[in-house]
Amino acid sequence: MKILYKDGTVAECPQEEELQVLRHSTAHVMAQAIKRLYPHADFAFGPATEKGFFYDVDLGDTKLTDEDLQKIEAEMKKIVKENLPIKAFILPRPEAIKLMEERGEKYKVEHIGDLADDAEISFYQQGEYIDMCTGPHVTYTKALKAFKITQQSGAYWKNDKNNKMLTRINGVAFRSQQELEEFEKLQEEAERRDHRRIGKEMKLFMFSDEGPGFPFFLPNGMIVKNELMSYWREIHSRNGYVEVSSPIIMNRHLWETSGHWAHYKDNMYTTTIDDEICCVKPMNCPGSVLIYKNQPHSYRELPLRIAEMGLVHRHELKGALHGLFRVRCFTQDDAHIYLTREQITDEIVRIVGLINEVYTKFGFDYFVELSTRPEDSMGSDEDWEAATNGLKNALEKLGLDYIINEGDGAFYGPKIDFHLRDSIGRTWQCGTIQLDFQMPQNFGLEYVDENGEKKCPIMIHRVCFGSIERFIGILTENFAGRYPVWLAPTQVKILTLPNSDTTFAKEVYAKLVDAHVRAVLDDRNETIGYKIREARQIDRVPYMLIIGAKEIETRSLSVRELATDQTTACGVDEFVAKVASEIKNRK
RNA sequence: GCUGCUAUGGCUCAGUCGGUAGAGCACGUCCUUGGUAAGGACGAGGUCACCAGUUCAAGUCUGGUUAGCAGCUCCA
C-alpha cells in the first residue's frame, strides 16, 4: 500500500502502520461525506482507533438518527467510488489560519493556536474537502475497501467536560471485506458470551430498579461466588495470610485520616448516626489499619498478611454501570501486608506467585504493567525509588516481562497491574499490587525492631481477582457459561427417558449427592432430545447422564460430556469417583 | 453526569393512520411407550415502566421521572 506524507512524498507503507493510516484516511472520507450532507458541520479531531476511527464534529442543533448514519456511510462509499486523488500541502501559519477561517473550521483554528509558533501546518485534500492534518494518508480514496459506521456518541472538545459536547461518530475499518466480516463475527461471539445474557439464562444474578448497580446473587450465582471464595481461602491460608472482617460503616474521621474523604467523598455513601457523619466503606484498608493498631507488633511478625473479603460501596455514575463489570457494590479479595522496606522484593515475588497460580487455574494468560510515580504524589524521592526498585527487582527475579506505565501509579505509591486475556483475546485488568508509605504514616503505625526501637512499617495493598463480581463476569464470558466442573452450579444432570422406571436414576442421584456432587434429577416426562437441549444450552451442565432401559438393565451410565459432546459408557461408582475427584481437585 | 437510543406477560419480540393488546419460548393440565440439540393439544398469565398533558378516545402523540442499551467522562 502506497501512502502520502505531508511533504508530498509517496512511499510504501510499513506493514505495521497500514491499518492505522487506512483508518485515519477513512475518518477523512467520513468527514467529507458529513460535510456534503451537513455543510454547517465543523470538525474537531478525527483519529484512528484500535478497531477503526472516529471524528468529533459540531453539528450545531442537528441530531443524527441511525438512518442519517446510514446515509453518511452511503455517501462515504460514493466518495470511495469517485476514487479521488489525495493531495498534501503545507502552509505557513497565517495562511493556514486564513484557510481554516474561510472554511468555517473554528476548532481547527483553535488547534493551530495550540501548535508551536514555528510549526509547519499541513493539509490533506481530496476533491472539495480539505482537512488540517499531519498524515500520512492513502493516495486515493479507493484504497479504502472495508469500513462501517458503528455508532454515534457525545464527546467533549479536547476531552474536557467543561467544553462543548460534540457529536462523535465512530466506525470500524479494515484492509479487506473479509477482515471486516471476521471482526463482525467476533462481535457476535462477544455478544453471545455476554455475561448479562448468560447470567439471565443460567439464573446467576439479577438487578432491580430498587437498587440500580447493586447486584443480587441468585442461588446459582451464589454457588459460583462461594466456590471462588472457598478456593481463595484455601490458597491464602496456605500462603501465610490470616483473614479478618471489618465493618461496612465507620465514621467520617477515619476517612479523613486515610485521605479518602478529601479525594473521594463525592463517590462515598454516607449516613448520619447519633449526629455523626458516617461512611459506607469504599475500601478496606482503613479497617485493616485499625486491626493492625489494635495491638503492638514486633519485627518478628512481619510481613504480617491480613486478608479480607470486603464488601465495598462506591457511588459510580449511572452511565458507567455495566452488568457485573461495573457495579456500585462489590467484594474485593483484598489483603494488606505490613512489612519492612527490606522485605519488599521477596514479598512481591510471593504475591506475584500467588496471583499467577490463580490465573493459571482458570487458564488465563496475562501481562504485567508497572506504574511509576505520578506528578502529584506524596512521599520522599528515596521512598519512591526504593519502592519502584522493589517492584522491578521482584519482576526481574521472576523473569516476568512487563510494560512500564510512566507516571500512572497511585498518589501514595507505585503499583503492578495484571491484565488477563480471555478466550477470545480481550484483556481485563484484575489483580493489582500497590505499595503504600503514606497510610502507615497517616495512622502512625508502628512495630518494634530488633533494637527495641519503634519503626513505621510499609503497607502493600493487593487483590488477585480484583472484584469477585467482576471476576465472575469475566469467567462467565471466558467460558461462555460453560464453567469448569468445580464451579458449575449444576455439575451433573440425570436425564431419564420418558416413562422409564426412575428407581435406578434415583439411586445414581443419591450416590452423587452423597459424594457432594451438585446433581439434579430431571425425570420429567419429556423426550430425551428436549431434556438434553435444556441441560446443554440453558443450564450448561458439564455432565449429562442419560438413563433408559439399556442403562437400567446393565446398571451402568451413558455419560454425555458438555465440553466434547461425546457420549461414553461408564460404571456408576467409577463415574461418581471421577466427578468427586475432579471437584476435589477443582478441575 | 453528558450524547443518542430503548422500555409491551417470567424470557425474546410484533402491534400499521390514536379506536382500551398478540406470537414463540417458559409455566399448568392432558395426550404421547418416546434413545442423545425443541413430540402434540388445551389452558392460565399483561391497569403496555411511572407521573402528568393533548384528545370523544393514548401501548401508540407531547412533557417530565425512573431504569436499561451504545458510547463519552470516571473507576481511589
Side-chain angles (χ1 to χ4, degrees), chain A residues 49 54 56 59 62-66 68-69 150-170 187 191 194 196-197 200-201 203 206-213 255 258-268 281-286 312 314-323 325-328 330 332 374 409-413 415 429 432 434 436 438-439 461 466-467 470 495-501 524-538 544-552 558-562 565-568:
Chain A
T49 60
F54 67 75
D56 285 350
L59 289 167
T62 308
K63 305 259 184 238
L64 298 179
T65 62
D66 288 353
D68 294 331
L69 295 181
T150 50
Q151 77 251 129
Q152 60 171 321
S153 70
Y156 302 103
W157 166 235
K158 289 181 179 170
N159 264 347
D160 184 338
K161 68 175 174 198
N162 299 312
N163 286 338
K164 182 168 181 181
M165 176 158 284
L166 309 172
T167 305
R168 173 169 296 181
I169 304 176
N170 294 278
Q187 289 290 103
E191 210 169 297
D194 192 312
R196 291 168 298 184
R197 170 210 285 263
K200 225 175 238 172
E201 280 178 9
K203 299 186 174 65
M206 59 171 255
F207 288 92
S208 161
D209 288 4
E210 279 74 9
W255 303 99
S258 69
H260 293 104
W261 183 260
H263 279 88
Y264 306 107
K265 70 167 183 292
D266 290 346
N267 294 315
M268 289 164 69
K281 69 178 176 183
M283 294 195 93
N284 302 302
C285 31
V312 299
R314 300 177 182 182
H315 185 73
E316 304 291 356
L317 293 176
K318 79 195 213 56
L321 302 175
H322 181 105
F325 287 162
R326 197 75 186 277
V327 286
R328 284 180 171 153
F330 56 95
Q332 281 184 316
F411 68 91
Y412 48 76
K415 60 172 183 172
Q429 203 231 291
T432 118
Q434 306 184 355
D436 182 359
Q438 241 24 72
M439 206 173 293
H461 309 245
S467 135
R470 207 172 107 91
L495 312 177
T496 58
L497 272 120
N499 282 321
S500 61
D501 181 0
R524 289 174 301 173
N525 200 16
E526 294 287 351
T527 61
I528 196 67
Y530 178 89
K531 293 187 188 182
I532 287 175
R533 179 191 167 265
E534 189 177 271
R536 285 181 83 246
Q537 280 173 239
I538 310 295
M544 289 162 271
L545 306 181
I546 288 86
I547 296 185
K550 217 161 59 188
E551 289 77 19
I552 293 169
S558 220
V559 182
R560 178 158 170 173
E561 211 175 322
L562 180 68
D565 259 337
Q566 299 295 308
T567 305
T568 49

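Letters A, B, ... mirror the listed sequences (proteins, then strands); counts begin at 1. Just so we're clear, the structure is a prediction, and the values are computed from it rather than from any experiment.
Between C27(B) and A70(B), the two P atoms lie 29 Å apart (nearest whole Å). Across the P atoms, G15(B) and G9(B) are found 15 Å apart, a figure rounded to whole Å. Spacing between G4(B) and U73(B) at atom C1', rounded to whole Å, works out to 16 Å. Atom name P, nucleotides G59(B) and A67(B): the rounded distance is 24 Å, in whole Å. Of the C1' atoms belonging to A7(B) and U12(B), the separation is 14 Å, rounded to the nearest Å. U62(B) and U55(B) have their P atoms separated by 16 Å, given to the nearest Å. Across C56(B) and U20(B), the matching C1' atoms stand 14 Å from one another, rounded to whole Å. Separation of the P atoms belonging to U47(B) and C11(B) is 14 Å when rounded to the nearest angstrom.
Taking a pair to require two hydrogen-bonding distances under 3.5 Å in either a Watson-Crick or a G-U wobble arrangement, C5(B) pairs with G68(B). With both pairing distances under 3.5 Å, A58(B) is matched to nothing as a Watson-Crick or G-U wobble pair. Across every strand in view, U20(B) sits unpaired, with no contact that passes the Watson-Crick or G-U test at under 3.5 angstrom. Applying the Watson-Crick and G-U wobble criteria (two distances, each under 3.5 Å), G28(B) pairs with C42(B). As the counterpart of C74(B), no nucleotide is assigned, since no Watson-Crick or G-U wobble pattern has both distances under 3.5 Å. If you check G35(B) for Watson-Crick or wobble pairing at under 3.5 angstrom, you find it has no partner at all.
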Are any protein N/O atoms closer than 3.5 Å to N/O atoms in nucleotides 7-14 of chain B? If there are, list each pair with its distance.
{"unit_1": "U12(B)", "atom_1": "OP1", "unit_2": "Lys200(A)", "atom_2": "NZ", "d": "3.4"}

Extract from the structure each pairing of a protein N or O with an N or O of nucleotides 25-28 of chain B at less than 3.5 Å, listing the distance.
{"unit_1": "A26(B)", "atom_1": "OP1", "unit_2": "Tyr530(A)", "atom_2": "OH", "d": "2.9"}

The test is side chain to side chain contact (heavy atoms under 4.5 Å, CB included); show your working for Met283(A) and Tyr264(A) and say whether it passes.
CA-CA 11 Å; Met283(A) 294 195 93; Tyr264(A) 306 107; over 6 Å; no

Passes side chain to side chain contact (heavy atoms under 4.5 Å, CB included), Glu534(A) versus Glu526(A)? Steps please.
CA-CA 11 Å; Glu534(A) 189 177 271; Glu526(A) 294 287 351; over 6 Å; no

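Nucleic acid contact class of Ala320(A) (heavy atoms, under 4.0 Å, all strands): base. Residue-level contact check: Tyr412(A) touches the backbone only, with heavy atoms under 4.0 Å from sugar-phosphate atoms and none from bases. Nucleic acid contact class of Pro498(A) (heavy atoms, under 4.0 Å, all strands): base. Base engagement by Gln537(A) is indicated by at least one non-hydrogen atom pair under 4.0 Å involving a base atom. Residue contacts for Gln438(A): at a heavy-atom cut-off of 4.0 Å it reaches no nucleic acid atom on any strand shown. Among the atoms of the strands shown, only primed sugar atoms or phosphate atoms (P, OP1, OP2) are found under 4.0 Å from some heavy atom of Gly529(A).
Side chain of Met283(A), nearest nucleotide from A76(B), G4(B), G71(B): A76(B). Looking at the side chain of Ser153(A), the nearest of the listed nucleotides A76(B), G71(B), G35(B) is G71(B). With U32(B), A37(B), U73(B) as the choices, the nucleotide that has an atom nearest any side-chain atom of Asn525(A) turns out to be U32(B). Which of A76(B), C69(B), G35(B) sits closest to the side chain of Leu497(A) comes down to G35(B). Relative to the side chain of Leu321(A), the nucleotides G68(B), G35(B), G39(B) differ in distance, and G68(B) lies closest. Distances from the side chain of Tyr156(A) to the nucleotides A67(B), U73(B), G71(B) place U73(B) closest. Among the nucleotides G35(B), A76(B), U36(B), the one closest to any side-chain atom of Asn267(A) is A76(B). Nearest to the side-chain atoms of His322(A) among the listed nucleotides A70(B), G35(B), G68(B) stands A70(B). Here the nucleotide nearest the side chain of Lys318(A), chosen from C72(B), A76(B), A67(B), is A67(B).
Here the CG atom belonging to Leu495(A) is positioned 5.0 Å from the CD1 atom belonging to Ile528(A), to the nearest 0.5 angstrom. With rounding to the nearest 0.5 Å, the separation of CG in Asn267(A) from NZ in Lys265(A) is 11.0 Å. Residue Arg533(A) holds its CZ atom at 11.0 Å from OG1 of Thr527(A), rounded to the nearest 0.5 Å. Gln537(A) contributes atom CD, which lies 10.0 Å from atom CG of Leu562(A) (distance to the nearest 0.5 angstrom). Summarising the geometry, atom CD belonging to Glu561(A) is positioned 7.0 Å from atom OG1 belonging to Thr568(A); distances are rounded to the nearest 0.5 Å. With values rounded to the nearest 0.5 angstrom, Leu166(A) atom CG is found 9.0 Å from Leu59(A) atom CG.
For Arg314(A), no side-chain nitrogen or oxygen approaches OP1 or OP2 of C74(B) to under 4.0 Å. Dashed line: the shortest gap from a side-chain N or O of Thr167(A) to OP1 or OP2 of U3(B) is not under 4.0 Å. Residue Arg560(A) places at least one side-chain N or O under 4.0 Å from the OP1 or OP2 atom of A37(B).
With RNA chain B read from its 5' end, the first of the two nearest nucleotides for Tyr264(A) and Arg196(A) is the one closest to Arg196(A). Annotation: of the two residues near RNA chain B, Glu316(A) and Thr150(A), the 5′-most nearest-nucleotide partner is Thr150(A).
Without hydrogens or angle criteria, Arg328(A) side chain to Glu316(A) main chain gives a donor-acceptor distance under 3.5 Å. The backbone N or O of Gly548(A) lies less than 3.5 Å from a partner atom in the side chain of Glu551(A), making a donor-acceptor pair. The closest donor-acceptor contact from the side chain of Thr150(A) to the backbone of Asn170(A) lies under 3.5 Å.
Rounded to a whole Å, the CD atom of Gln151(A) is 10 Å from the C1' atom of G4(B). Taking atom CG on Asn170(A) and atom C1' on G4(B), their separation rounds to 12 Å, with Å as the unit.
Judged by distance alone with a 3.5 Å cut-off, a donor-acceptor contact links the side chain of Arg326(A) to the base of C74(B). For Ser558(A) against U36(B), a side-chain-to-base donor-acceptor contact under 3.5 Å is present. On a pure distance criterion of 3.5 Å, no polar donor-acceptor pair joins the side chain of Asp565(A) and the base of U36(B).
Between Val327(A) and Gly213(A) the shortest heavy-atom distance is CB-O, 3.3 Å. What you find for Met439(A) and His461(A) is that their closest heavy atoms are CE-CE1, 4.2 Å.
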